[in-house]
Amino acid sequence: MNYERIEICPLTPTLGAEVSGVDLSQPVDNATAEEIRRAFADYLVLFVRGQEISPDNQVAFAGLFGPVGTYPFAEPIDEHPQVIPIIKEPHQTTNFGGIWHTDTPYLEKPSLGSVLYAREVPAVGGDTIWASGYRAWETLSDGLRATLEPLRAVQSAAKNKAKLRTDHLKNGSMRGHNEGAMDVQQAEHPVARTHPVTGRKALYVSPAHTTHFVGWTEAESAPLLNYLFSHITREGNTCRFRWTKGAVAVWDNRCSLHYPLNDYHGHRREMHRVTIEGEWPV
Ligand code: SIN
């Protein structure tokens with residue numbers, strides 16, 4: 001089906017598309033919102049460049065996809081509890097979320113998606129890469145899919161917490177929130193989850209948060225999980241976005257992973273992120 005209200009330029013055959021023809025500082029009409037949601041289902045991650053938006057505009061855009069939620073482990077910006085800053089200062093050497101992950105899989109109802117807005121970006125570096133959980137699932141052998149199909153995995157906020165968040169929060173402009181809860185927050189979810197809109201199955205494990213298969217030990221799980229982590233992040237399964245100031249991305253956490261590159265030491269990068277509430281994975 002074609003798009004009539006927006007223009008779409010796919011980034012790769014697998015996932016990712018740039019959208020033009022929208023101004024997110026203004027209310028988005030219903031017909032345009034329908035097309036944006038259709039493109040979101042088709043491409044998993046959408047990018048809109050050149051936007052000048054307020055935190056309220058960003059929350060309104062996120063609201064086109066579902067109820068807007070909060071992120072448990074970082075302080076939001078003043079007067080906008082749904083917007084967290086993601087900032088790397090020139091003196092910092094770690095970045096926030098710098099391991100392949102999907103957002104908040106350790107919650108019983110993990111985030112549906114996230115909206116990231118680039119407020120300040122380095123001249124070069126600081127790109128983000130996304131990977132398709134659909135293609136990862138669909139390119140496994142029938143035999144491995146049959147093995148994985150009934151399995152559930154534990155997703156933990158504690159796994160890699162220093163590298164993902166706490167090391168970065170020290171000495172920077174971001175502030176931690178509920179840090180004690182990171183050690184205990186975890187959930188069990190299907191290894192292959194079915195997307196409620198497309199009906200497609202997506203591999204739902206990540207190096208950042210998946211510790212083991214339910215009923216297996218960590219040592220037993222590790223070889224197969226490591227295989228799945230390298231399978232899902234293979235080059236042909238990804239798209240890479242070079243940020244420009246004012247660019248907005250919205251991605252689907254139910255069927256994709258992402259990885260912010262940390263290759264811009266000495267430069268500042270400031271983003272605002274809004275989290276869209278999700279449903280119980282099945
Ligand atoms: C995130 O993991 O949500 C942040 C992504 C980025 O900074 O590019």
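Along the sequence shown, residues carry numbers from 1. Both ligands and their constituent atoms are indexed starting at 1 by order of listing. Since we're looking at a predicted model, the values are computed, not measured.
Closest protein heavy atom to atom 5 (C) of ligand 1: Leu116 CD2, 3.7 Å. Nearest protein neighbour of atom 8 (O) of ligand 1, counting heavy atoms only, is Thr128 OG1, 2.6 Å. Scanning the protein heavy atoms around atom 7 (O) of ligand 1, the nearest turns out to be Arg269 NH1, 2.8 Å. Scanning all protein heavy atoms for the shortest distance to atom 3 (O) of ligand 1 gives Arg273 NH1, 2.6 Å.
When the heavy atoms of Lys88, Arg165, His101, Met271 are ranked by distance to atom 2 (O) of ligand 1, first place goes to His101. Which of Leu164, Ile86, Val115 comes nearest to atom 4 (C) of ligand 1 through a heavy atom is settled by distance: it is Ile86.
Of the possible donor and acceptor atoms, none in the side chain of Asp263 sits under 3.5 Å from a partner among the backbone N and O of Gly125. A donor-acceptor pair under 3.5 Å is formed between the side chain of His189 and the backbone N or O of Pro105. Checking side-chain atoms of Glu218 against main-chain N and O of Thr211 turns up no donor-acceptor pair under 3.5 Å.
Proximity of the aromatic rings of Phe73 and Phe96 is defined here by a centroid distance below 6.0 angstrom, and this criterion is not met.
For ligand 1, the atoms lying closer than 4.0 Å to a non-hydrogen atom of His258 are 1 (C), 2 (O), 3 (O). Distances below 4.0 Å separate heavy atoms of Trp251 from the following atoms of ligand 1: 3 (O).
With salt bridges taken as basic N to acidic carboxylate O contacts below 4.0 Å, none links Lys201 and Glu138.
In the hydrophobic cluster analysis, where Ile, Leu, Val, Met, Phe, Trp and Tyr join through side-chain heavy atoms closer than 4.5 angstrom, Val274 is grouped apart from Tyr71.
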